[in-house]
Number of protein chains: 2
Amino acid sequence: MNQKIDNLAKILIEKNIKPSYQRIKILEYLLNKKNHPTVDKIFSDLVKEIPTLSKATVYNTLDLFKEANLTRIVTIENNETRYDAKVSSHGHFKCESCGSIFDFEINIDSFLTDSLEHFKINGKNVYINGICPGCLQKD
Amino acid sequence: MNQKIDNLAKILIEKNIKPSYQRIKILEYLLNKKNHPTVDKIFSDLVKEIPTLSKATVYNTLDLFKEANLTRIVTIENNETRYDAKVSSHGHFKCESCGSIFDFEINIDSFLTDSLEHFKINGKNVYINGICPGCLQKD
DNA sequence: TTTTAAATTTATAATGATTATAAGATAGTT
DNA sequence: AACTATCTTATAATCATTATAAATTTAAAA
């Protein structure tokens with residue numbers, strides 16, 4: 001009946017995660033909005049569609065997704081955790097003036113040196129802060 | 001009389017920060033221990049020497065240092081902010097098994113692409129997670 | 001279809017890092 | 001010494017996250 005839902009469910013089942021309604025909706029949200037949402041943003045957006053949604057469910061689900069490698073935590077700020085649907089490797093730029101977060105392409109392996117050759121690498125985060133072009137122009 | 005204290009004081013004065021006893025001690029701590037301490041670690045270590053020390057002072061001072069570019073925030077975990085005395089650019093590796101944090105050399109500019117050419121860059125963070133050699137051997 | 005058990009979701013309370021506020025202490029200046 | 005601004009401290013407030021237990025849903029069995 002609903003092809004999209006089925007595809008999302010399949011993704012979850014492949015990871016041994018039961019495809020509950022909430023989980024499908026949260027996964028859909030993450031795959032659609034690629035703007036590193038906070039838990040709060042995810043919750044307040046989805047609660048419009050799922051009025052009974054609880055913030056604990058969002059936390060639980062994101063934790064599940066993280067374990068299953070469907071989602072990664074974006075390490076940008078220390079006060080609010082942000083999440084990304086696992087996609088191609090990219091870095092994050094945060095503007096200190098307007099607070100916007102920009103993605104940028106990155107050759108994720110180019111900066112790895114021999115010093116890590118005996119380490120098992122599971123994830124890479126590149127985070128740059130500064131002023132974005134828009135805010136630079138304002139000054 | 002105390003050459004070391006004088007040097008630390010000078011660093012602060014150059015940044016227009018009044019060299020109070022607490023500030024000098026916190027700066028000294030950061031420069032000596034380069035293990036990305038949390039606020040809690042800094043406080044509990046220093047309170048032995050300065051019994052009247054308040055955690056609020058540690059927060060205030062680190063904030064001052066950050067503004068003055070003496071210190072940078074290490075973006076590793078989201079639940080506990082860690083601080084580094086500003087030194088040569090390096091990345092951080094966190095072992096998911098034992099929790100240790102390793103520094104590693106990086107060619108900080110090699111991974112910057114054209115996509116950021118119109119951005120003003122103030123800081124760069126590279127954070128990698130995985131398993132360290134010691135924990136790999138245990139398995 | 002009902003029953004039952006397991007898993008999931010929800011509401012609520014607890015925790016813990018950080019921030020805000022105001023009172024007290026300190027240092028520099030006239 | 002008195003005055004003033006700054007710094008430090010203690011305390012309370014905030015806010016994201018985690019823990020807990022009850023309620024609901026799901027899936028399987030009878």
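All chains are named by letter (A, B, ...) in the order of the sequence lines, taking the proteins before the strands, and each is independently numbered beginning at 1.
Contact check for R72(B) versus N125(B): side-chain heavy atoms found under the 4.5 Å cut-off. Two residues are said to be in side-chain contact when any heavy atoms from C-beta on lie closer than 4.5 Å; R23(B) and L8(B) fail this criterion. Contact annotation: the side chain of D84(A) never approaches that of R82(A) to less than 4.5 Å [non-hydrogen atoms, C-beta and beyond].
Remark: P of dA17(C) and NZ of K55(B) are 6 Å apart, rounded to the nearest angstrom. Remark: C1' of dT8(D) and CG of D63(B) are 15 Å apart, rounded to the nearest angstrom. The distance between atom CG of L53(B) and atom P of dC7(D), rounded to the nearest whole Å, is 16 Å. Y59(B) has its OH atom 7 Å from the P atom of dA17(C), to the nearest Å. In this entry the distance linking CG of L64(A) with P of dA7(C) reads 13 Å, nearest Å. The separation between E80(B) atom CD and dT17(D) atom P is 14 Å, rounded to whole Å. For the pair Y83(A) OH and dA16(D) P, the computed distance is 13 Å after rounding to whole Å. In this structure, CD1 of I26(B) is placed 8 Å from P of dT8(D), rounded to the nearest angstrom.
Using bins of under 30°, 30° to 60° and over 60° for the plane-to-plane angle, the ring pair F119(A)/F102(B) lands in the perpendicular bin.
L136(A) and F93(A) fall into different hydrophobic clusters, where Ile, Leu, Val, Met, Phe, Trp and Tyr side chains are chained together by heavy-atom contacts under 4.5 Å.
Listed nucleotides dT17(D), dT10(C), dT18(C) differ in distance to V39(B); the shortest reach to its side chain belongs to dT18(C). Of the candidates dT10(C), dT17(D), dA16(D), dT10(C) carries the atom nearest the A56(A) side chain, counting heavy atoms from C-beta on.
Close to dC7(D), at under 4.0 Å from its OP1 or OP2, lies no side-chain N or O of S20(B). Within the 4.0 Å cut-off from OP1 or OP2 of dT9(C), not a single side-chain nitrogen or oxygen of S54(A) is found. The side chain of T81(B) places an N or O atom within less than 4.0 Å of a non-bridging phosphate oxygen (OP1 or OP2) of dT18(C). Of the side-chain N and O atoms in Q22(A), none sit less than 4.0 angstrom from OP1 or OP2 of dT25(D).
Using a 4.0 Å heavy-atom criterion, one finds that K18(B) contacts the sugar-phosphate atoms exclusively. Across all strands shown, T38(B) has no heavy atoms under 4.0 Å from either base or sugar-phosphate atoms. Residue contacts for N60(B): at a heavy-atom cut-off of 4.0 Å it reaches a base atom on one of the strands shown.
Residue order along DNA chain D, read from the 5' end via each residue's closest nucleotide, puts T52(B) first among T52(B) and D40(A).
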